[in-house]
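Here's the structure, in structure tokens; my notes come after.
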Amino acid sequence: MDRRQFLSFSAASIFLTACGGGESSAPEVTPPLIDNRPDTGVVSKLTNEQWQTLKDNVLGRVILPTDEQPYSLARLSFSTRFDHIYPQAVVKCANAQDVQTAIRFAKEHELHIAPRSGSHSYGGYSTTEGMIIDVADLNDISLQGDIATIGSGARLTDVYDQLTQQGVSIPAGSCLSVGIAGLTMGGGFGVVDRAHGLTCDTLQAVEIVTADAEIISCDANNHSELFWALRGGGGGNFGIVTQFKFKAHEANGITVFEANFSFDDFEDVFAVWQTLAEQWPNEMWAQCLPTWVFGGPRVNVRAFCLNPAAEAETLWQNFIAQTGATPSSNTQSTSSYRSVMLGTCESNVASCHLSTQFEGGTMQRSAFGASSDFF
């Protein structure tokens, strides 16, 4: 079994530019939250002295239910579906040594661990009634040559923002508040994958804290089997990564085509769309979305093209003709890589973070479920 086959068991589909299947990277509207007042009824499994020992041995913060307002925010994941879960503690790690200390402490006191980066897990795996080990503050991003070093707590908003300012990027997802760790260790699907591979395909090395609380570096030559498993297999269950190294690619302009069809044309449009992967060069990628919002049922097809606009336009128009359907709209635009990936967030990157996790962030949490198959 090769790594691509292994990924097929847990691959996640991508609905471009939003976390829950929407069509814009603008901040989403959130449904009403459940009551999030601090729950003073959370019974600690440990004494105050034991928790103080952990606090004394980490550089970051240990947030307990008794911390009221900080705890009421720190415990929340992206999905409001898991608001009923109250952890014993949230450890906001400042470095890899804090992760190491937290793991040792949790093992000593038999606390269940949930690693957390962006907290977007569909299944709620970034929260627990035990201890959350939060790496959000490990978010440094740097570039040396074509190697991007990214802390495991970095959000895609900041990855795209900081790398594209230097003329490069990595293939990544389109929900901008997602953390780089879960994306990479889950494979990492996005709109430039056909040209540049999955996020995990560009991974060169990682720094990881193992279940034995060892800090190790692994790559193709060191701990190679672990490195293989971290690139999309197992959902991040082999340890807590604190730093990634990726090979970056040039961030050139992207031409975007978009057409809307009547839902009556769904079968014809979908049948042709399924052949595009074989017809089109790897520089072109398209999604086909049946949707029931914004004016009734319709079919939306959107293509992202890294090849010359003239070549892409010819192939796009051939696709339209092959469907035999007349789109209600058919648009084309060429923008910078940065503009396409950041969307409406380009003009105000700071605001495009979750409001519960970042000062100045305006993106709201959401409640949704999703599943997918990989063919």
Side-chain angles (χ1 to χ4, degrees), residues 12 19 36 42 54 58-65 67 70-107 111-140 150-159 172-173 175-186 188 199 206-211 213 230 234-244 353-359 361 363-367:
C19 301
N36 188 42
V42 178
L54 178 61
V58 298
L59 183 63
R61 294 170 290 160
V62 178
I63 303 173
L64 304 175
D67 292 321
Y71 175 84
S72 71
L73 294 178
R75 74 176 186 87
L76 297 175
S77 62
F78 171 80
S79 176
T80 59
R81 294 172 56 213
F82 307 107
D83 281 358
H84 63 284
I85 298 175
Y86 288 81
Q88 289 281 303
V90 179
V91 183
K92 303 280 285 186
C93 299
N95 51 37
Q97 288 70 34
D98 279 0
V99 175
Q100 187 179 45
T101 299
I103 290 177
R104 286 174 176 162
F105 184 87
K107 290 181 66 176
L111 296 171
H112 182 264
I113 291 173
R116 173 178 289 181
S117 176
S119 78
H120 283 68
S121 168
Y122 285 179
Y125 303 131
S126 53
T127 190
T128 176
E129 292 182 349
M131 175 191 287
I132 295 173
I133 299 181
D134 192 323
V135 297
D137 292 337
L138 308 182
N139 55 17
D140 289 344
I150 301 176
S152 59
R155 302 308 201 268
L156 298 192
T157 305
D158 301 310
V159 172
C175 176
L176 296 179
S177 55
V178 159
I180 191 66
L183 177 81
T184 303
M185 291 190 286
T199 309
V206 302
E207 177 186 79
I208 184 173
V209 185
T210 68
L230 291 171
N237 292 319
F238 299 103
I240 301 178
V241 174
T242 53
Q243 186 183 86
F244 298 92
H353 295 79
L354 287 178
S355 61
T356 53
Q357 296 178 353
F358 292 87
E359 183 177 353
M363 295 184 76
Q364 300 300 302
R365 299 164 66 231
S366 183

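When only modelled atom types and interatomic distance are considered, H120 and S177 share a side-chain donor-acceptor pair under 3.5 Å.
In this structure, I180 and G151 approach most closely via the heavy-atom pair CG2-O, 3.4 Å. A172 and T199 make their closest contact through CA-OG1, 3.4 Å (heavy atoms, listed as atom of the first residue, atom of the second, distance). Heavy atoms only, all atoms of each residue included: A89 and L64 are closest at CB-CD2, 3.6 Å. Between M131 and A106 the shortest heavy-atom distance is SD-CB, 4.2 Å. Taking each heavy atom of A367 and R81 in turn, the nearest pair found is CB-CG, 4.1 Å.
Side-chain contact between Q97 and L59 is absent, with no heavy atoms from C-beta onward closer than 4.5 Å. The closest side-chain heavy-atom distance from Y122 to S79 is not below 4.5 Å. Between M185 and V206, every side-chain heavy-atom pair lies at or beyond the 4.5 Å cut-off. Looking at heavy atoms from C-beta onward, T242 lies out of side-chain contact with I208 at the 4.5 angstrom threshold. In this structure, V91 and L54 have side chains that are in contact, with non-hydrogen atoms separated by less than 4.5 Å.
R61 and D67 are not joined by a salt bridge, as no carboxylate oxygen comes within less than 4.0 angstrom of a charged side-chain nitrogen.
The main-chain N or O of A154 is never found under 3.5 Å from a side-chain atom of D158 such that the two would form a donor-acceptor pair. Checked by atom type and distance alone, the side chain of Q100 pairs as donor or acceptor with a backbone atom of A213 at under 3.5 Å.
Crowding of F358 atom CZ: a count of heavy atoms from other residues, nucleotides or ligands under 6.0 Å exceeding 12.
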Step-by-step side chain to side chain contact (heavy atoms under 4.5 Å, CB included) determination, L176 to R155: CA-CA 7 Å; L176 296 179; R155 302 308 201 268; over 6 Å; no
Could you pull out all donor-acceptor pairs under 3.5 Å where a side-chain atom in residues 111-119 meets a protein atom, sequence neighbours excluded?
unit_1 : atom_1 : unit_2 : atom_2 : d
H112   : ND1    : T128   : OG1    : 2.8
R116   : NE     : S126   : O      : 3.0
R116   : NH1    : A74    : O      : 2.9
R116   : NH1    : L76    : O      : 3.1
R116   : NH2    : R75    : O      : 3.3
R116   : NH2    : S126   : O      : 3.0
S117   : OG     : S152   : O      : 2.7
S119   : OG     : F78    : N      : 3.0
S119   : OG     : Q357   : NE2    : 3.1

